[in-house]
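What's counted below: heavy atoms across the whole structure, side chains too, no hydrogens, waters or symmetry copies. Here the structure is a predicted model, which means the values were calculated and not measured.
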Amino acid sequence: MQPKDLKANAPEMVHLHKILIEQDIYLEIKRGIPTPRKYSTNKIKNEEFAQIFYSFVYQKPGTARSSKRSLFANNNHYKSIFKLDYASDNNKVKFIKDLIDLNKRIGYIIQGIKDNNHELEIFDNEHMIILNNGKYSIIAIIGLIYRIVNNDPGSKNKGDLVGDDFVYGEFLSNYKEDDIDEKLKDLIVEYVQILKEIYDNEFTLGNVTSPSNFFKTDKKYIDKIASKIINNQKVKRNNHELIDAYGDLFRRKL
């Protein structure tokens, strides 16, 4: 039995399941129970929810990817995701609804790239390896962009990238144009290229041995990836370019 199975009947898990049902999202908390047909395209497993939440909010994609059992087995990790009293804060509910939507869109986009890359030649083989290994780092990067766009804590210093001061609110739902997926695809292509550059440098220095190793730890993400993105924003031109390109997607409603 896996740690997530031991939490299936926990009050906070059942309550979150009910909250998301009200948002027309089915949170799968028990294995073996079929999802009602009306939620067939709008569902997420509690394990995947924990992974995307820990990546986006806490900026820890290494743990999300390589130690996902700990998100349920480690009490501090578990509480920081599932025991946030969602019922008392509508901004948190709106946020997780958009986060789940974001994850679904990213999944479709990544699969589309995989299915059509041979024809469209979006990435070479080495970039495809980065894409295949780097989903949770991409989600973490989007979480960092969310902070930068909204001028939140952590947007100017990697040392402040903690989840305790995270500001929750709806973001994708605020965007009214019909090019969300197009913009997200541009973002993914852009940051896969950046991740490849950072990985190549780390590999040349002998600091990593493979893309899987590169994405394994939170420290590598914070020190090499998040730090580079934050430092780039200290150049006004770079900051304006990021805000112009993606600001409207991730800006909270005032």
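Using a 4.5 Å heavy-atom threshold, the side chains of Gln111 and Lys114 count as touching. Within the 4.5 Å cutoff, the side chain of Ile52 has heavy atoms near those of the Ile44 side chain. In this structure, Glu241 and Arg237 have side chains that are in contact, with non-hydrogen atoms separated by less than 4.5 Å.
Within a 6.0 Å sphere centred on NE2 of His15, other residues, nucleotides and ligands contribute 12 heavy atoms or fewer. Crowding of Phe203 atom CZ: a count of heavy atoms from other residues, nucleotides or ligands under 6.0 Å not exceeding 12. In Lys216, the NZ atom is not crowded: 12 or fewer heavy atoms of neighbouring residues, nucleotides or ligands sit closer than 6.0 Å. The neighbour count for Lys104 NZ, taken as heavy atoms of other residues, nucleotides or ligands under 6.0 Å away, is above 12. Other residues, nucleotides and ligands contribute over 12 non-hydrogen atoms within 6.0 Å of the NZ atom of Lys92. Counted within 6.0 Å of CG on Asn125, heavy atoms from surrounding residues, nucleotides or ligands total 12 or fewer; the atom is thus considered open. Counting heavy-atom neighbours within 6.0 Å of Lys135 NZ, excluding the residue itself, gives a total above 12.
Under the 4.0 Å criterion applied to side-chain N and carboxylate O atoms, Lys97 and Asp101 are not assigned as salt-bridge partners. Taking the charged nitrogens against the carboxylate oxygens, Lys220 and Glu202 do have a contact shorter than 4.0 Å, which makes a salt bridge. Using a cutoff of 4.0 Å between basic side-chain nitrogens and carboxylate oxygens, Glu126 and Lys196 are scored as salt-bridged.
From Asn239, atom CG reaches atom CG of Asp244 across 9.0 Å, with rounding to the nearest 0.5 Å.
Closest approach of Val192 and His127 over heavy atoms only: CG1-O, 3.7 Å. Residues Ser137 and Phe215 share a closest heavy-atom pair of OG-CD2, 3.2 Å. Of all non-hydrogen atoms in Pro34 and Tyr26, the two that sit nearest each other are O-OH, 4.2 Å.
Using modelled atom types and a 3.5 Å distance limit, the side chains of Lys79 and Asn74 yield no donor-acceptor pair. In this model, a donor atom of one side chain and an acceptor atom of the other lie less than 3.5 Å apart for Tyr175 and Asp179.
Under the 6.0 Å distance and 45° angle rule, Lys60 does not count as a cation-pi partner of Tyr221.
Not a single donor-acceptor pair under 3.5 Å links the side chain of Asn150 to the backbone N or O of Asp152. Judged purely by atom type and a 3.5 angstrom limit, Asn133 has no side-chain atom pairing as donor or acceptor with the backbone of Pro211. Ser40 places a side-chain N or O within 3.5 Å of a backbone atom of Arg37 that can act as its donor or acceptor partner.
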Please report the C-alpha distance between Asn231 and Lys234 in whole Å, then the side-chain angles of each, then the deciding distance to 0.1 Å, and finally whether the side-chain hydrogen bond (donor to acceptor under 3.5 Å, both in side chains) criterion is met. CA-CA 5 Å; Asn231 287 337; Lys234 294 177 182 178; 3.3 Å; yes
Can you list the steps and then say if Glu190 with Tyr246 is a side-chain hydrogen bond (donor to acceptor under 3.5 Å, both in side chains)? CA-CA 12 Å; Glu190 177 179 353; Tyr246 307 119; 2.6 Å; yes
Please walk me through it: do Asp218 and Gln59 pass side-chain hydrogen bond (donor to acceptor under 3.5 Å, both in side chains)? CA-CA 8 Å; Asp218 300 321; Gln59 293 287 286; over 6 Å; no
Before you tell me yes or no, could you show the steps for Ser88 and Asp85 under side-chain hydrogen bond (donor to acceptor under 3.5 Å, both in side chains), namely the whole-Å CA-CA distance, both residues' side-chain angles and the distance that decides it to 0.1 Å? CA-CA 6 Å; Ser88 68; Asp85 195 14; 2.8 Å; yes
Carefully, step by step, assess Phe82 and Phe72 under the rule ring-ring contact (aromatic ring centres under 6.0 Å, His included). CA-CA 9 Å; Phe82 293 104; Phe72 293 84; 5.5 Å; yes
